[in-house]
Amino acid sequence: MKMENCETCVGFDLSKIPLSSIAQKIMCALHSGDLVDSKNWGESTKIVKPISTSSVKDSVILKDGKNQSLEKKNPKSLTGQTSRGSTKPSPHSSSTGLTGQLSADQKQKNISLASSRCSVPHCDQEASDLQKMEHKKKHFLNENINNENKESMNLKRKHIMYSNSSEKTNKYLALEENAGEVKAQLNSGDSRTFKKYLCDIRYLDDQSKNQLMEMLKQAAALVVTLMYKDGSTQLIANQAQTSSVKGIVMLLKSQVDNLETLACGALEVGFMSQGQCVYIHIELSSLWSQEQEAYHLFARNVLFQTLKCKCPVICFNAKDFVRIVLQFFGDDGSWKHVADFVGLDPRIAAWLIDPSDGTPSFEDLVAKHLEKSFSVKVSSTCGNSSSNIKNKNIYMNLNTLYRLTMDLCSKLKVHGLWQLFCTLEIPLIPILAVMENHKIQVNKEEMERTSTLLGARLKELEQQAHFIAGERFLIMSNNQLREILFGKLKLHLLSPRKSLPKTGPQQHLSTSEAVLSSLQDLHPLPKTILEYRHIHKIKSTFIDGLLACMKKGSISSKWNQTGTVTGRLSATHPNIQGISKHSIQIAKPLNFKGKEDETFTISPRTLLVSSRGHIFLAADFSQIELRILAHLSGDPELLKLFQESERDDVFSTLASQWKDIPMEHVTYADREQTKKVVYSVVYGAGYVASIMGRRRPLPRIHARDQQLRAQAERQAVNFMVQGSAADLCKMAMIRIFSAVATSPTLTARLVAQIHDELLFEVEDTQVPEFAALVRGTMESLQRIQDPELQLQVPLKVSLSAGRSWGHLVPLQEALGSA
DNA sequence: AGAATGTCTGGCGTA
DNA sequence: GTACGCCAGACA
């Protein structure tokens with residue numbers, strides 16, 4: 001195949017161009033591929049079943065209620081994903097399904113996946129288990145809370161429980177009855193015992209403190225939320241999250257409600273073991289008395305126990321919880337304690353089920369996933385409601401949160417997303433929390449110098465543009481620019497291209513980069529505008545934007561786990577994933593010191609530097625998306641490419657083949673061009689969706705509408721490839737992080753993830769050791785967790801290191817010079 | 001009436 | 001080719 005065929009494609013409508021032979025094979029393979037998901041993606045290359053596109057599409061689109069057909073397709077593979085109808089008692093313990101699946105992996109490596117501790121109640125809870133639980137609870141309550149009312153309530157609950165299956169009409173009554181009762185008894189008594197909705201642990205006596213620690217150890221589930229200074233919590237979508245955290249509210253569940261009854265929808269607040277609710281104040285006061293120190297120690301203990309406890313911790317934005325707790329602990333390496341923290345986050349669960357659902361609030365999720373009888377209690381403005389009402393609301397909301405999360409967990413199982421949730425998304429939570437707490441140092445002086453330099457250059461360019469245009473105008477305004485280019489200068493009439501692209505509802509002529517570059521031979525203005533825009537982008541986003549995000553000379557991004565439909569991470573404030581990789585050259589502004597025609601080189605990444613005694617280490621999955629495509633499509637030519645030319649760069653090899661020139665004559669431009677062609681083929685190609693079980697709801701497309709259909713198919717391919725790459729990158733983060741957390745010596749920190757690149761900050765002395773760990777871990781991901789999930793293609797990792805992010809050199813060089 | 005604010009869009013950086 | 005975030009201008 002020759003390159004010429006493709007060269008002409010770029011920049012034109014690819015769908016109309018005949019595809020190259022490789023592209024055709026890719027398409028063919030993709031079109032014939034079965035639905036790829038967690039269960040059979042390993043097999044997809046072995047058996048390529050011809051399947052009509054419409055039937056595949058249908059099964060992708062199916063959602064709630066209709067997913068039985070999906071299950072039917074893979075009946076044997078649903079380990080740990082019990083269908084909701086099953087009531088057969090299981091002899092196994094609650095977490096059998098999951099741990100069973102992972103045991104092979106755990107034996108193989110000493111890397112612990114948090115999932116081993118993910119002991120969420122199973123659908124198939126045995127009846128006897130239930131009774132045991134009930135007994136345990138009774139015992140527990142008797143022992144710890146010596147209260148007649150509690151006992152009678154307990155009996156009442158029991159009664160409701162035994163009768164509820166036959167008399168569902170009781171449930172509202174039960175709710176009312178019980179709520180009243182709880183209120184009555186929780187309100188009586190003084191603040192030093194666990195009798196209020198919210199018990200402030202600052203005022204506990206020693207005995208109660210011990211009691212609390214005991215309860216923590218024995219709790220079946222913990223439900224937590226952060227409380228802000230204005231009294232709002234994570235559960236109430238308050239306006240801007242401006243106020244800072246003052247404490248943590250924690251509901252201790254002594255008994256786990258079983259999912260079987262949850263699934264029936266027969267469970268109400270009244271039936272559940274309500275649990276004890278405590279408030280942990282964590283705002284550090286400036287005054288430091290002895291009492292405070294004692295309290296601080298106790299709070300630390302409580303929180304430490306929370307992180308370490310064997311039961312799941314349910315939290316609406318679990319990452320923020322972990323981050324806050326770590327901050328309270330102080331940053332003394334305590335992050336190692338959170339490596340196997342299991343936080344059940346309903347937002348993440350809901351996102352896995354429907355990734356297109358942006359960033360729902362707690363209230364949204366409750367409305368979407370729970371029956372109408374549940375509502376989020378929003379306390380009216382702070383002053384109006386008594387603290388007791390507010391506390392009651394928080395108490396109720398935590399119970400609702402618990403219900404919601406349990407519900408979503410069972411939905412995850414039904415959708416076949418449970419394993420993905422447990423092995424990938426949950427262990428990622430503490431990792432992201434630690435990343436958010438990590439600060440990246442910024443060269444502030446250089447940053448400010450650059451800012452003024454760019455500002456001066458922009459001013460020059462603006463004046464130049466005004467001069468060329470013959471009038472003053474707002475250079476950033478596309479409307480004004482359009483008026484000058486096409487109204488005044490009438491450049492569109494001189495353009496060699498027949499029709500320029502239009503934009504907007506009024507079909508205005510576009511002033512995009514493509515248009516301006518095509519016009520730059522006709523008039524000097526477009527070129528000036530282009531340069532202005534480029535520099536302005538760099539200055540406003542990467543220099544000034546970064547400066548605005550800085551706190552005490554450093555930045556740390558906020559990482560969003562649920563922000564994308566493909567499963568990738570996204571970052572904000574600043575978006576470290578989007579910081580320019582390439583440097584720009586600018587002409588020296590006239591009134592700047594230095595030689596006349598001097599140019600400055602500006603590279604935003606260079607301004608991020610490693611801290612003292614540390615070095616950045618970047619680990620990059622080479623061409624991971626193309627490799628995944630090769631694996632998924634099973635295309636022999638692509639597979640061969642990776643297996644044979646393992647040592648060489650794939651794009652260069654392809655360029656060499658296509659252009660029929662020797663490897664050593666392939667230029668950077670050749671390589672970039674090849675890359676562009678390859679990815680336009682990859683994403684413009686065929687079909688299919690999902691990999692490790694990740695799904696994306698696709699719109700139903702009329703078979704006749706070729707254009708929409710093609711669009712949907714491209715989205716599907718993109719989803720599959722990007723999603724799979726995201727899965728692998730997340731897995732890499734998790735494994736490396738747990739290796740570091742369990743290592744007695746390694747202290748390396750994960751700083752950022754730029755999709756297929758991981759950026760670490762490593763102590764100078766640990767670089768070789770850590771680099772070996774990273775390479776080994778990442779390349780071993782070829783075998784994901786069981787033999788069935790084995791990539792047909794080797795994974796390649798390239799390592800580079802340096803003191804600034806902009807100046808990374810291959811690891812060998814970095815070690816040599818150091 | 002003019003100022004301030006929120007939402008949308010075009011354009012462009014990353015992968 | 002898609003999918004992100006951010007900025008500035010336009011407009012309600």
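Naming convention: chains lettered A, B, ... in sequence-line order (proteins, then strands); numbering from 1 in each chain.
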Is it true that A:Glu531 and A:Lys527 have a side-chain N and a carboxylate O under 4.0 angstrom from each other?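 The answer is no: the pair does not qualify as a salt bridge.
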Can you check the [X] [atom1] to [N] [atom2] distance for me, whole Å?
{"X": "A:Ile475", "N": "C:dG9", "atom1": "CD1", "atom2": "P", "result": "11 Å"}
{"X": "A:Leu569", "N": "C:dA3", "atom1": "CG", "atom2": "P", "result": "17 Å"}
{"X": "A:Gln480", "N": "B:dT9", "atom1": "CD", "atom2": "P", "result": "21 Å"}
{"X": "A:Leu629", "N": "C:dT2", "atom1": "CG", "atom2": "P", "result": "16 Å"}
{"X": "A:Trp351", "N": "C:dA3", "atom1": "CH2", "atom2": "P", "result": "14 Å"}
{"X": "A:Asn560", "N": "B:dT14", "atom1": "CG", "atom2": "P", "result": "21 Å"}
{"X": "A:Arg605", "N": "B:dT14", "atom1": "CZ", "atom2": "C1'", "result": "8 Å"}
{"X": "A:Ile624", "N": "B:dT14", "atom1": "CD1", "atom2": "P", "result": "20 Å"}

Please determine, for the side chain of [X], which listed nucleotide ([options]) has the closest atom?
{"X": "A:Ile754", "options": "B:dA15, C:dC7, B:dG13", "result": "B:dA15"}
{"X": "A:Leu474", "options": "B:dG11, C:dA10, C:dG5", "result": "C:dA10"}
{"X": "A:Phe542", "options": "B:dA15, B:dG13, C:dC4", "result": "B:dG13"}
{"X": "A:Thr541", "options": "B:dC12, C:dC7, C:dT2", "result": "C:dC7"}
{"X": "A:Gln722", "options": "B:dT14, C:dA3, B:dG11", "result": "C:dA3"}
{"X": "A:Ser570", "options": "B:dC12, B:dA15, C:dC4", "result": "C:dC4"}
{"X": "A:Thr564", "options": "C:dC6, C:dC7, C:dA3", "result": "C:dA3"}

With a 3.5 Å cut-off and no angle check, do the side chains of [X] and [Y] form a donor-acceptor pair?
{"X": "A:Thr511", "Y": "A:Asn478", "result": "yes"}
{"X": "A:His755", "Y": "A:Gln722", "result": "no"}
{"X": "A:Ser477", "Y": "A:Asn479", "result": "no"}
{"X": "A:Ser361", "Y": "A:Arg347", "result": "no"}
{"X": "A:Gln561", "Y": "A:Glu425", "result": "yes"}

Taking only side-chain N and O atoms of [X], does any of them lie within less than 4.0 angstrom of OP1 or OP2 on [N]?
{"X": "A:Arg533", "N": "B:dC12", "answer": "yes"}
{"X": "A:Ser477", "N": "C:dA8", "answer": "no"}
{"X": "A:Thr566", "N": "C:dT2", "answer": "no"}
{"X": "A:His573", "N": "C:dG5", "answer": "no"}
{"X": "A:Thr572", "N": "C:dG5", "answer": "no"}

Do A:Gln577 and B:dT14 share a donor-acceptor pair, side chain to base, under 3.5 Å?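 For A:Gln577, whose side chain was compared with the base of B:dT14, there is no donor-acceptor pair (under 3.5 Å).
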Students often get this wrong, so: under 4.0 angstrom with heavy atoms, is [X] touching a base, only sugar-phosphate, or nothing?
{"X": "A:Ile579", "answer": "sugar-phosphate"}
{"X": "A:Lys537", "answer": "base"}
{"X": "A:Arg482", "answer": "nothing"}
{"X": "A:Glu757", "answer": "nothing"}

